[in-house]
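Quick note: numbers below take in every heavy atom, side chains included, and nothing from hydrogens, waters or symmetry partners. This is a predicted model, so every value here is computed, not measured. We count residues from 1, following the sequence as given.
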Amino acid sequence: TDRFSPDRPALSMLNAILGGSFTSRLNFNLRAQKGYTYGAGSSFSFLRRPGAFAARAAVFTEMTAAAVTEFLVELRGVRERPFTDEERTKARAMLLDRVAEGLATSSGIASSFAELALYGLPLDEPERFIAALERATADDLLRLAQKYVDPEGACIVIVGDRAAIEPGLRALGLPAPELRDPDGERLPG
């Protein structure tokens, strides 16, 4: 979605729960429970035009297929599993802290006002964002996850040792990979 969408505050909360914080579902699963990575996360790009949703991690080579499986589990889960009050409270607090931090220093205030000017937003945008966070319900988050997070349509990008990674990925039943060289040129399959 874009920077002007009324969904942006709730999507920010959704992302904080899914992959936008250390205690997020993705990081908890892939780092704390499975030990596949030192960190996993996700983000929405809120630009002038609709931006991308991305989920990512640097994982140990031998755990690539297992990590892809867990990513898909979490992406599907965010569309199906209810959001708890605890998740929403933590995400809201984190986002409120970010707004406060952005207005706590001279450079933060300058950056906040630069963003408002860049996007032509009203000066009370931080207040509007906070109010929208307060209104976001678990049902709102579930609806937005179903609208914006599409694991079945995901483009999975993997960088690494093909010989070590590809057999595990093929066992997952994913479509045949499109191979690229380091310059992004397509290689024969």
Side-chain angles (χ1 to χ4, degrees), residues 1-34 36-37 39-57 59 67-103 111-112 115-116 118-158 174-175:
T1 187
D2 62 48
R3 179 63 177 80
F4 311 102
S5 172
D7 292 337
R8 187 179 70 85
L11 280 174
S12 296
M13 185 183 292
L14 164 67
N15 186 66
I17 294 167
L18 175 60
S21 71
F22 185 77
T23 60
S24 70
R25 290 179 181 186
L26 281 170
N27 200 54
F28 181 73
N29 180 337
L30 278 90
R31 178 190 165 113
Q33 288 187 314
K34 303 288 193 286
Y36 296 162
T37 181
S42 64
S43 61
F44 285 93
S45 298
F46 299 116
L47 307 170
R48 285 188 183 274
R49 295 197 170 104
F53 166 74
R56 66 208 160 283
V59 302
V68 168
T69 297
E70 293 306 318
F71 263 100
L72 293 173
V73 163
E74 293 300 336
L75 295 177
R76 289 179 184 119
V78 81
R79 296 167 52 97
E80 300 164 358
R81 200 167 85 215
F83 293 89
T84 67
D85 289 341
E86 180 184 3
E87 286 177 317
R88 290 184 11 260
T89 298
K90 285 169 65 175
R92 185 179 299 113
M94 184 189 82
L95 293 167
L96 292 175
D97 283 350
R98 285 184 187 168
V99 171
E101 287 173 11
L103 299 172
S111 179
S112 295
E115 183 178 327
L116 296 177
L118 175 66
Y119 292 109
L121 297 167
L123 295 178
D124 67 344
E125 176 62 17
E127 183 179 346
R128 290 173 189 239
F129 183 83
I130 290 168
L133 288 178
E134 295 300 325
R135 291 190 305 270
T137 67
D139 288 342
D140 293 334
L141 299 182
L142 190 59
R143 176 184 54 80
L144 291 174
Q146 291 167 352
K147 180 177 180 181
Y148 291 105
V149 179
D150 180 13
E152 306 316 317
C155 174
I156 300 171
V157 178
I158 298 173
L174 296 174

Participant: When the ring planes of Phe44 and Tyr148 are compared, do they come out parallel, tilted or perpendicular, using 30° and 60° as the limits?
Facilitator: perpendicular

Participant: Could you tell me whether the side chain of Glu70 reaches within less than 4.5 Å of the side chain of Gln33, counting heavy atoms only?
Facilitator: no

Participant: For a 4.5 angstrom cut-off between non-hydrogen side-chain atoms, does Leu118 reach Arg48?
Facilitator: yes

Participant: Measuring from Asp150:CG to Cys155:SG, what's the distance to the nearest 0.5 Å?
Facilitator: 12.0 Å

Participant: Can you check whether Thr23 reaches Asn27 side chain to side chain, under 4.5 Å on heavy atoms?
Facilitator: no

Participant: Might you point out which heavy atoms bring Arg98 and Gly20 nearest each other, and give the distance in Å?
Facilitator: NH2-O, 3.2 Å

Participant: Give a yes or no answer on whether the side chain of Ser24 reaches the backbone of Ser21 with a donor-acceptor pair at less than 3.5 Å.
Facilitator: yes

Participant: Could you check if a side-chain atom of Leu14 sits within less than 4.5 angstrom of a side-chain atom of Phe53, using non-hydrogen atoms only?
Facilitator: no

Participant: I want to check something: taking the side chain as every heavy atom from C-beta on, are Leu133 and Val99 in contact at a cut-off of under 4.5 Å?
Facilitator: no

Participant: Specify the closest pair of heavy atoms between Leu26 and Gly19, including all atoms of both residues, with the distance to one decimal.
Facilitator: CD1-CA, 4.1 Å

Participant: How many angstroms lie between CG in Asn29 and OG1 in Thr37, if you round to the nearest 0.5 Å?
Facilitator: 11.0 Å

Participant: Taking all non-hydrogen atoms of both residues into account, name the closest pair between Val68 and Leu174 and its distance.
Facilitator: CG1-CD1, 4.1 Å

Participant: Are the charged groups of Glu125 and Arg8 less than 4.0 angstrom apart, N to O?
Facilitator: yes

Participant: Testing the basics here: between Arg128 and Pro122, what is the closest heavy-atom pair and its distance to 0.1 Å?
Facilitator: NE-CG, 3.8 Å

Participant: Would Arg31 pass as a cation-pi partner of Phe22, given that its NZ or CZ must be under 6.0 Å from the six-membered ring centre and within 45 degrees of the axis?
Facilitator: no

Participant: If every non-hydrogen atom of Pro151 is compared with every non-hydrogen atom of Leu75, which pair is closest and at what distance?
Facilitator: CB-CB, 3.7 Å

Participant: May I ask you to test the Arg25-Phe83 pair for a side-chain heavy-atom distance under 4.5 Å?
Facilitator: yes

Participant: Answer yes if the side chains of Ser12 and Asn15 hold a donor-acceptor pair under 3.5 Å, and no otherwise.
Facilitator: no

Participant: Between Lys147 and Asp7, does the side-chain contact (heavy atoms from CB on, under 4.5 Å) criterion hold? Intermediate values first, please.
Facilitator: CA-CA 11 Å; Lys147 180 177 180 181; Asp7 292 337; 3.7 Å; yes

Participant: Would you say Pro50 and Thr1 make side-chain contact, with heavy atoms under 4.5 Å?
Facilitator: no

Participant: Scan Arg92, Lys90, Glu87, Met94 and name whichever one has a side-chain contact (heavy atoms from CB on, under 4.5 Å) with Ile17.
Facilitator: Glu87

Participant: Closest heavy-atom contact between Leu96 and Glu134?
Facilitator: CD1-OE2, 3.9 Å

Participant: Check the surroundings of atom CD in Gln146: do more than 12 heavy atoms from other residues, nucleotides or ligands lie under 6.0 Å from it?
Facilitator: yes

Participant: At what distance, to the nearest 0.5 angstrom, does CG of Leu144 lie from CG of Leu11?
Facilitator: 5.0 Å

